[in-house]
Amino acid sequence: MEMNIALLPGDGIGPEVIDQAVKVVKAIGQKFGHKITFTEAVVGAAAIDATGEPYPDSTHEIAAASDAVLFGAIGDPKYDNDPKAKVRPEQGLLLMRQKLGLFANVRPTFTFPSLVHKSPLKLDRVDGVDFVFFRELTGGIYFGEPRGRNEQGTKAFDTNVYSKHEIVRLARMGFEAAQKRRKLLTCVDKANVMATSRLWRETVQELAPEYPDVKVEYEFVDAVAMRLIQWPKAYDVLITENLFGDILTDEASVISGSMGLMPSASLGTSIKLFEPIHGSYPQAAGKDIANPLATVLSAAMMFDYAFDLKEEAQLISDVVNLSLDEGYVTEDIADGGTSYKTSEVGDWLAAKILA
Ligand code: IPM
Ligand code: MN
């Protein structure tokens, strides 16, 4: 197969972890006979430094013309404590999602047998956890208008707004995913308080008869925040709006004990984007110590979701599991034992793929 992949390393540790994913993707290409072309572009603080804009048109053109986008991370501390900064790296991410039509963010939580003892939860609660969030990504309070301040600057407001079609397309993805999994869908909302949530719930209720094999549950977001910790195994597929999904998926990403190891995919009408859930981790940038596995697993998701190449995806998760079993890992998960550099882990994984 021919694949044209856009690389958007972004900020902080983004470039280093993307480098390792590229090694792995190249090795897969070599082994399975795919012709893979990479085109790199700037986004986030790196793009502001280079062009003045966090998601320049030149980057959008490269991303839009690609078959899939591999994205690192966005964010730079020099903007975090400056609420008055006019241009912010995060705007690049939001604009990219909007312009590429990436309306669904797929964030799985699963366990790695060799890491599950590191979970902050008791082993019996977390062993075997396997659920996936479908977070709406281009609507809700992240984009709703009006937003801003009153004239005196003493009052600020954001608007949460959802149209039915935005809920329908996200919910359908969730239903279809549930059909291929354990056939349980949880609609996460705040329908006891919010009008948008009542529209979510009503819309999901209308769709449910079309998926008679899927059991649907409706839970309030505050209860889910609690039950994800208490009984994470109770969940299979969860669908939710943008802000609730932002918050809950950070919670979800650490419960399996593999903090920093979870991949994600953003899907939409055409282009698909793949990125690690962890952020730009500026303290580690340039030190060759960051854990590249979430990005490598995002590349595995790319083969699966963007190219429907299951064998390639599986081989990548197999070598990742092997590196965990054999302790060929970065210092964050080495438990004080021997640890390896980011680049060494990337080389090792690529070599195992080709072995
Ligand atoms: C995420 C991030 C972004 C979000 C930020 C960086 C804008 O937290 O991808 O979850 O809130 O969506
Ligand atoms: Mn987030």
Side-chain angles (χ1 to χ4, degrees), residues 1-10 13-44 46-47 50 55-74 96-97 99-102 104-106 108 180 261 263-276 290-323 328 342-355:
M1 194 185 272
E2 286 198 13
M3 303 168 202
N4 168 15
I5 296 172
L7 294 178
L8 272 51
I13 58 169
E16 302 158 55
V17 293
I18 286 286
D19 278 350
Q20 312 320 310
V22 168
K23 290 176 189 169
V24 165
V25 171
K26 280 188 177 158
I28 290 283
Q30 197 177 328
K31 183 168 183 110
F32 291 86
H34 300 302
K35 186 171 178 300
I36 305 175
T37 321
F38 298 99
T39 315
E40 200 171 317
V42 286
V43 68
Y55 184 61
D57 288 344
S58 53
T59 295
H60 178 63
E61 277 157 29
I62 289 170
S66 71
D67 299 316
V69 180
L70 263 182
F71 166 56
I74 259 182
M96 175 167 78
R97 288 171 179 169
K99 288 181 81 169
L100 293 174
L102 301 169
N105 188 216
V106 189
K180 293 189 201 133
L261 263 73
S264 82
S266 296
L267 314 176
T269 33
S270 58
I271 301 294
K272 299 179 169 66
L273 177 143
F274 302 86
E275 66 173 295
N291 191 331
L293 295 184
T295 315
V296 169
L297 288 168
S298 301
M301 279 186 100
M302 175 183 80
F303 282 105
D304 185 358
Y305 283 75
F307 303 114
D308 201 24
L309 296 170
K310 311 268 184 226
E311 214 183 313
E312 285 80 343
Q314 189 59 51
L315 181 55
I316 297 177
S317 16
D318 288 348
V319 294
V320 165
N321 266 307
L322 195 64
S323 78
Y328 207 98
T342 310
S343 54
E344 290 174 321
V345 173
D347 291 336
W348 191 91
L349 295 168
K352 286 290 170 195
I353 287 169
L354 290 169

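Not measured: the values here are computed from a predicted model. We count residues from 1, following the sequence as given.
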Closer than 3.5 angstrom, by distance alone: can the side chain of Thr59 be matched with the main-chain N or O of Val42 as a donor-acceptor pair?
yes
Counting neighbours of NZ on Lys26 that are heavy atoms of other residues, nucleotides or ligands and sit closer than 6.0 Å, is the number greater than 12?
no
Any non-hydrogen side-chain atom of Glu275 less than 4.5 Å from a side-chain atom of Leu8?
no
Rounded to the nearest 0.5 Å, how far does CD of Gln314 lie from CG of Asn321?
9.0 Å
Closest non-hydrogen atom pair between Leu293 and Asn291, with its separation
N-OD1, 2.9 Å
Under 4.5 Å between any side-chain heavy atoms of Val106 and Ser264, yes or no?
no
Short question: side chain of Asp67, backbone of Asn4 - any donor-acceptor pair under 3.5 Å?
yes
So how far is it from Leu102 CG to Arg97 CZ, rounded to the nearest 0.5 Å?
8.5 Å
Side chain to side chain contact (heavy atoms under 4.5 Å, CB included), that's the test. Do Leu349 and Ser323 meet it? Break it down for me.
CA-CA 7 Å; Leu349 295 168; Ser323 78; 3.9 Å; yes
With side chains defined as the heavy atoms from C-beta onward, is the minimum distance between Lys352 and Tyr328 less than 4.5 Å?
no
Set out, in order, the CA-CA distance, both residues' side-chain angles and the distance that settles side chain to side chain contact (heavy atoms under 4.5 Å, CB included) for Val69 and Phe274, then state yes or no.
CA-CA 6 Å; Val69 180; Phe274 302 86; over 6 Å; no
Shortest non-hydrogen separation from Leu309 to Met3 and the atoms involved:
CD1-CE, 3.5 Å
Compare every heavy atom of Ala47 with every heavy atom of Pro56, then report the nearest pair and how far apart it is.
CD-CB, 3.8 Å
Minimum heavy-atom separation for Ala265 and Asn105, please, with both atom names.
O-ND2, 3.2 Å
Taking atom OG of Ser66 and atom CG of Leu100, what is their separation to the nearest 0.5 Å?
7.5 Å
Would you name the heavy atoms of Phe32 and Leu315 that are closest together and state the gap between them?
CE1-CD2, 3.8 Å
For the residue pair Phe307 and Phe303, does the interplanar ring angle fall in the parallel (under 30°), tilted (30 to 60°) or perpendicular (over 60°) class?
tilted
Counting only N and O atoms by type, is there a donor-acceptor contact under 3.5 Å from the side chain of His34 to the main-chain atoms of Met1?
yes
Roughly how far apart are Met302 CE and Leu297 CG, rounded to 0.5 Å?
12.5 Å
Using a cut-off of 6.0 Å, state whether more than 12 heavy atoms not belonging to Lys310 lie near its atom NZ.
yes
Please determine whether salt bridge (Lys or Arg N to Asp or Glu O under 4.0 Å) holds for the pair Lys99 and Asp57, giving the CA-CA distance in whole Å, both sets of side-chain angles, and the decisive distance to 0.1 Å.
CA-CA 10 Å; Lys99 288 181 81 169; Asp57 288 344; 3.4 Å; yes
All heavy atoms of Val25 vs all of Ala299, minimum pair found to be CG2-CB, 3.8 Å
Counting only N and O atoms by type, is there a donor-acceptor contact under 3.5 Å from the side chain of Asp19 to the main-chain atoms of Ser343?
no
Would you check if Glu312 and Asp304 make a side-chain contact, meaning some heavy-atom pair closer than 4.5 Å?
no
Parallel, tilted or perpendicular for Tyr55 and His60, by the 30°/60° rule?
perpendicular
From Asp318 atom CG to Glu311 atom CD, the distance as rounded to the nearest 0.5 Å:
10.5 Å
Mind checking whether Thr295 and Gln20 have side chains closer than 4.5 Å, heavy atoms only?
no
Could you check Lys272 against Ser266 for side chain to side chain contact (heavy atoms under 4.5 Å, CB included), going step by step and ending with a plain yes or no?
CA-CA 6 Å; Lys272 299 179 169 66; Ser266 296; over 6 Å; no
From Ile36, Thr37, Thr39, residue fulfilling side chain to side chain contact (heavy atoms under 4.5 Å, CB included) relative to Ile5:
Ile36
Identify the residue among Val43, Ile18, Leu70 that makes a side chain to side chain contact (heavy atoms under 4.5 Å, CB included) with Pro9.
Ile18
